[in-house]
Amino acid sequence: MEKEKRMYALVTGGSRGIGRAVCIRLAQMGFRVLVNCVSRVSEAEETLRLIREAGSDGEILQFDVSDRAQTAKILDAWKDNHPEDYIQVLVNNAGIRRDNILALMPAEDWDKVLEIALGGFYNVTQPLLQPMMFHRWGRIITLASVSGLKGMPGQANYSAAKGGVIAATKALAQEVARKGVTVNAVAPGFIRTDMTDGLNEAELVKDIPARRFGTPEEVAALVGFLVSPEAGYITGEVISVNGGLYT
Ligand code: NAD
């Protein structure tokens, strides 16, 4: 009897917010989910509990996506422990905001936001590409933002990082399309998570045609579709989930 093929998905920053909702969605689709976290392991453990509740299983992989050596070490160790498997789905979700007008922005806030979003894109995606291409099936989805499409005042660092991952997505999509790997970006508007916790929601929703913030589950549903077999001909796209904001 042929051994059942295990399907693995890695979600960076999967411990809370949009990342957690994506982990649960992928678990519902039958993937074993590798939950990346950088700290606060208890949050990742809660995600893992929810993955199991959804009927699948997974592991916690602790590394800082902006740390190239640490990321490579953890991914190499995973490969060594799973010689017959590969990671079919990567969701580059880890990200931070350090908002300020550029005139007042400390260099470390510029660097950190880019190192995590743009550096993280390279550090995690690059080592997973060869196995996806070899097996001729892979899905790479990166969390961008409407800030990366439009450029937001007070967020030059974040806008640059998210605009950067959109461009990298479009470039990589063309490099790997004939190898059966799709590469797409999802650009949320305002989604209710820890990242938007301190914002004045009542004021901001006046500019959102849907008059509300979105939920992590509404973003995860799109990620789930992009991972599904039905989305195999969609690549190099950036799809926004924003309640009509900026459209
Ligand atoms: P969040 O702050 O709730 O979660 C971010 C996750 O990234 C956390 O799990 C955090 O631990 C992880 N992370 C941060 N730095 C990391 C690092 N160096 N290495 C590994 N993990 C790291 O935020 P969220 O709202 O769930 O955001 C998820 C993604 O969606 C981010 O890329 C964010 O930029 C993007 N996004 C969010 C919104 C929104 O309104 N919430 C809008 C547009 C885009």
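One is the number of the first residue; the rest follow in order along the sequence. Note that this is a predicted model, so its numbers are computed, not measured. For ligands, and for the atoms within them, numbers begin at 1 and follow the listed sequence.
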For the residue pair His82 and Tyr8, categorise the inter-ring angle as parallel (less than 30°), tilted (30 to 60°) or perpendicular (more than 60°).
-> perpendicular
Considering only non-hydrogen protein atoms, determine which one is nearest to atom 30 (O) of ligand 1 and report residue, atom name and distance to 0.1 Å.
-> Ile18 CD1, 3.6 Å
So which heavy atom in the protein is nearest atom 8 (C) of ligand 1, and how far is it from that ligand atom?
-> Arg16 CZ, 3.7 Å
Return the residue, atom name and 0.1 Å-rounded distance of the protein heavy atom closest to atom 12 (C) of ligand 1.
-> Gly13 CA, 3.6 Å
What is the nearest protein non-hydrogen atom to atom 24 (P) of ligand 1, stated with its residue, atom name and distance?
-> Thr193 OG1, 3.5 Å
Thr71 versus Phe63, closest heavy-atom pair with distance | OG1-CD1, 3.4 Å
Under a heavy-atom criterion of less than 4.0 Å, does Ser15 contact ligand 1?
-> yes
Show which atoms of ligand 1 fall inside a sub-4.0 Å distance from at least one heavy-atom site of Asp194.
-> 3 (O)
Check if Ala144 has a non-hydrogen atom at a distance under 4.0 Å from any atom of ligand 1.
-> yes
Would you check if the side chain of Asn184 reaches a backbone N or O of Gly236 as a donor-acceptor pair within less than 3.5 Å?
-> yes
Closest approach of any protein heavy atom to atom 17 (C) of ligand 1, naming residue and atom = Asp64 OD1, 3.7 Å
Taking the side chain as C-beta and beyond, is there a heavy-atom pair between Phe121 and Thr142 under 4.5 Å?
-> yes
Does any N or O atom in Ser66 lie less than 3.5 angstrom from one in ligand 1, N or O only?
-> no
Closest non-hydrogen atom pair, Leu118 against Gly164 | CD1-C, 3.6 Å
Shortest protein heavy-atom distance from atom 19 (N) of ligand 1, along with the residue and atom involved = Val65 N, 3.1 Å
Please assess Glu201 against Arg192 for the test salt bridge (Lys or Arg N to Asp or Glu O under 4.0 Å), listing each intermediate value before the final yes or no.
-> CA-CA 9 Å; Glu201 187 171 338; Arg192 198 174 294 124; 2.5 Å; yes
Near Lys162, which atoms of ligand 1 are under 4.0 Å from a heavy atom of that residue?
-> 31 (C), 32 (O), 33 (C), 34 (O)
Show the numbers, then the answer: is there a side chain to side chain donor-acceptor pair (under 3.5 Å) between Arg20 and Thr47?
-> CA-CA 6 Å; Arg20 174 180 285 172; Thr47 301; 3.0 Å; yes
Nearest to atom 16 (C) of ligand 1, what protein heavy atom do you find, and at what distance?
-> Val38 CG1, 3.8 Å
Of Pro188, Ser39, Ala94, which has the heavy atom at the shortest distance from atom 13 (N) of ligand 1?
-> Ala94
Where Arg136 and Arg178 come nearest, the two heavy atoms and their spacing | NH1-O, 3.1 Å
Should Gly14 be counted as touching ligand 1, given the test is an N or O pair under 3.5 Å?
-> no
Would you say ligand 1 has an N or O under 3.5 Å from any N or O of Ile191?
-> yes
With no hydrogens and no angle check, is any side-chain donor or acceptor of Gln62 less than 3.5 Å from a backbone partner on Cys37?
-> no
For Ile116, atoms of ligand 1 separated by under 4.0 Å from a heavy atom = 15 (N), 18 (N)
Do me a favour and list the nearest non-hydrogen protein atom to atom 38 (C) of ligand 1 with residue, atom name and distance?
-> Gly189 O, 3.9 Å
Could you list the atoms of ligand 1 found under 4.0 angstrom from a heavy atom of Ile96?
-> 14 (C), 15 (N)
Should the pair Phe190 and Phe213 be assigned to parallel (<30°), tilted (30 to 60°) or perpendicular (>60°) ring geometry?
-> parallel
Tightest non-hydrogen contact, residues Gly19 and Asn93, listed as CA-ND2, 3.4 Å
Minimum side-chain heavy-atom gap Met133-Val181 below 4.5 Å = yes
Counting from 1, what ligand 1 atoms have a heavy atom of Phe190 closer than 4.0 Å?
-> 40 (O)
Number the atoms of ligand 1 from 1 as they appear, then name those within less than 4.0 Å of a heavy atom of Asn36, with their elements.
-> 20 (C), 21 (N)
With a cut-off of 4.0 Å, which atoms of ligand 1 are near a heavy atom of Phe63?
-> 19 (N), 20 (C)
Side chains of Val65 and Asn36: does their closest heavy-atom pair fall under 4.5 Å?
-> yes
Do side-chain atoms of Thr193 reach the backbone of Met195 as a donor and acceptor pair under 3.5 angstrom?
-> yes
Filtering Asn93, Leu199, Val146 for the heavy atom nearest atom 32 (O) of ligand 1 leaves Asn93
Run the numbers for me: atoms of ligand 1, each under 4.0 Å from some heavy atom of Tyr158, listed by number.
-> 33 (C), 34 (O), 35 (C), 36 (N), 43 (C), 44 (C)
